[in-house]
Visitor: 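Here you go, one structure.
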Amino acid sequence: LWHDHEGNIWIGTYTGGLVKLTRTAVVQAKPGHPGLSRVIYALVTDGQGDVYAGTMQGDTFRIRGDETWILPALSGFLVRSILARGGGEVWLGTEKAGVVIHKNGKKRVLDQRNGLSSNRVNCLAEDREGRIWVGTQRGLNVLTGGSLQVIAPDIRVHTLTPPAEGPMLVGTDLGLF
């Protein structure tokens with residue numbers, strides 16, 4: 001579930017693909033598009049109004065107006081979370097490959113080999129200071145500059161919400177922190 005800069009609400013469904021709720025209608029976004037009629041696990045919009053959708057089948061799509069692209073460099077990953085940052089940088093939280101970062105046609109991976117607490121990434125968020133928070137099956141991680149730190153190991157993190165003020169809100173099996 002995500003809202004865009006025009007006030008539309010985008011809904012990724014388990015069996016009905018991608019749905020867009022406008023001020024006046026509910027429409028299936030891109031009906032008949034072979035990829036977007038699948039299971040949608042993750043949605044986000046960027047500052048330019050593009051919508052990114054990650055599917056259970058391992059495809060990541062970028063939608064701009066009436067155009068839709070599969071992002072080949074980001075295909076092959078079951079996407080659980082997407083973070084779109086400035087400058088066209090897209091971060092994917094994946095089921096088994098950690099975090100896949102794509103910028104300017106180049107891809108890099110942040111995973112357990114780099115110190116991430118688990119390669120199953122459930123959620124991603126950026127706070128006001130530009131730190132990237134990564135919630136996994138086995139811990140809460142924060143990336144500051146180029147330094148990755150596990151700040152809460154052995155806790156399953158499901159959601160991350162950066163509030164307007166105050167600390168990051170972290171939803172876990174044990175409650176909200």
Side-chain angles (χ1 to χ4, degrees), residues 1-5 9-12 18 39-56 58-63 71 73-177:
L1 187 65
W2 199 263
H3 62 88
D4 65 22
H5 70 284
I9 297 174
W10 295 79
I11 304 163
L18 184 61
V39 178
I40 307 294
Y41 265 2
L43 285 171
V44 72
T45 57
D46 65 13
Q48 288 74 45
D50 292 352
V51 175
Y52 293 86
T55 70
M56 185 173 83
D59 293 319
T60 301
F61 293 88
R62 180 175 164 194
I63 303 162
L71 302 176
L74 298 179
S75 290
F77 302 101
L78 192 155
V79 178
R80 300 183 60 80
S81 181
I82 304 175
L83 174 66
R85 301 185 72 210
E89 189 174 87
V90 178
W91 293 50
L92 303 181
T94 72
E95 178 77 18
K96 296 179 182 174
V99 178
V100 178
I101 304 158
H102 183 263
K103 183 173 183 178
N104 298 328
K106 296 187 181 186
K107 175 176 65 176
R108 66 184 175 104
V109 176
L110 179 64
D111 60 17
Q112 287 179 286
R113 293 173 295 192
N114 309 109
L116 194 64
S117 61
S118 170
N119 284 340
R120 182 173 177 171
V121 176
N122 296 328
C123 47
L124 296 164
E126 183 173 11
D127 66 17
R128 291 178 309 281
E129 288 81 34
R131 295 177 294 196
I132 306 296
W133 296 72
V134 182
T136 75
Q137 283 297 100
R138 287 187 268 151
L140 178 62
N141 309 260
V142 66
L143 185 65
T144 307
S147 175
L148 178 67
Q149 181 182 6
V150 179
I151 59 173
D154 301 321
I155 189 167
R156 186 175 301 163
V157 179
H158 297 285
T159 60
L160 294 165
T161 303
E165 294 182 24
M168 180 68 67
L169 299 175
V170 181
T172 73
D173 280 350
L174 302 175
L176 181 65
F177 297 94

Visitor: Applying side-chain hydrogen bond (donor to acceptor under 3.5 Å, both in side chains), can you list everything that pairs with T136, at least two apart in sequence or on another chain?
Guide: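 Only S117 meet the side-chain hydrogen bond (donor to acceptor under 3.5 Å, both in side chains) criterion with T136.
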Visitor: Taking atom types as modelled, is there a side-chain donor on N122 or Q137 under 3.5 Å from an acceptor on the other?
Guide: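 Note: N122 and Q137 side chains meet the donor-acceptor criterion.
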Visitor: Looking only at atom types and distance, does a side-chain atom of N104 sit under 3.5 Å from a main-chain N or O of K106, one as donor and one as acceptor?
Guide: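 Not at all, since once roles are kept as given, no pair shorter than 3.5 Å links the two residues.
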Visitor: Using side-chain heavy atoms (C-beta onward) and a distance below 4.5 Å, is L43 in contact with Y52?
Guide: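 Counting from C-beta outward, L43 and Y52 never come under 4.5 Å.
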Visitor: Determine all donor-acceptor pairs shorter than 3.5 Å in which one atom belongs to a side chain in residues 159-177; sequence neighbours excluded.
Guide:
| unit_1 | atom_1 | unit_2 | atom_2 | d |
| --- | --- | --- | --- | --- |
| T172 | OG1 | L174 | N | 2.9 |
| T172 | OG1 | G175 | N | 3.2 |
| T172 | OG1 | G175 | O | 2.9 |
| D173 | OD1 | H158 | NE2 | 2.5 |

Visitor: Q112: which residues meet the side chain to side chain contact (heavy atoms under 4.5 Å, CB included) condition with it, sequence neighbours left out?
Guide: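 Once residues adjacent in sequence are excluded, the partners of Q112 under the side chain to side chain contact (heavy atoms under 4.5 Å, CB included) criterion are N119, R138.
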Visitor: Give me the atom names and distance for the closest heavy-atom approach of A53 to I82.
Guide: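 The answer is C-CD1, 3.9 Å.
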Visitor: Judged by atom type as modelled, is there a donor-acceptor pair below 3.5 Å linking the side chain of T94 to the main-chain atoms of G98?
Guide: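 Judged by distance alone, yes, a pair lies under 3.5 Å.
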Visitor: In sequence, state the C-alpha distance, the side-chain angles, and the governing distance for T144 and V142, and then conclude on side-chain contact (heavy atoms from CB on, under 4.5 Å).
Guide: CA-CA 6 Å; T144 307; V142 66; 4.2 Å; yes
Visitor: Could you tell me the separation between the NZ atom of K103 and the CZ atom of R85, rounded to the nearest 0.5 Å?
Guide: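 These two atoms lie 7.5 Å from each other.
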Visitor: Applying side-chain contact (heavy atoms from CB on, under 4.5 Å) to V99 and L92, what does each step give before you reach the verdict?
Guide: CA-CA 5 Å; V99 178; L92 303 181; over 6 Å; no
Visitor: Measure the OG-CD distance between S81 and E95 for me, rounded to the nearest 0.5 Å.
Guide: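 One gets 12.5 Å once the value is rounded to the nearest 0.5 Å.
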Visitor: Take L140 and W133 through the test side-chain contact (heavy atoms from CB on, under 4.5 Å) and record every step on the way to the result.
Guide: CA-CA 7 Å; L140 178 62; W133 296 72; 3.9 Å; yes
Visitor: Using every non-hydrogen atom in the two residues, find where V109 and A97 come nearest and quote the distance to one decimal.
Guide: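 Of all heavy-atom pairs spanning V109 and A97, the closest is CG1-O, 3.5 Å.
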Visitor: Give a yes or no on whether a salt bridge exists between E126 and R131, defined as a side-chain N under 4.0 angstrom from a carboxylate O.
Guide: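 Result for this pair is no, no salt bridge flagged.
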Visitor: Testing V121, I132, L116 for side-chain contact (heavy atoms from CB on, under 4.5 Å) with N141, which one passes?
Guide: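 The residue from V121, I132, L116 that satisfies side-chain contact (heavy atoms from CB on, under 4.5 Å) with N141 turns out to be L116.
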Visitor: Can you check side-chain contact (heavy atoms from CB on, under 4.5 Å) on T55 and Y41, steps first, answer last?
Guide: CA-CA 5 Å; T55 70; Y41 265 2; over 6 Å; no
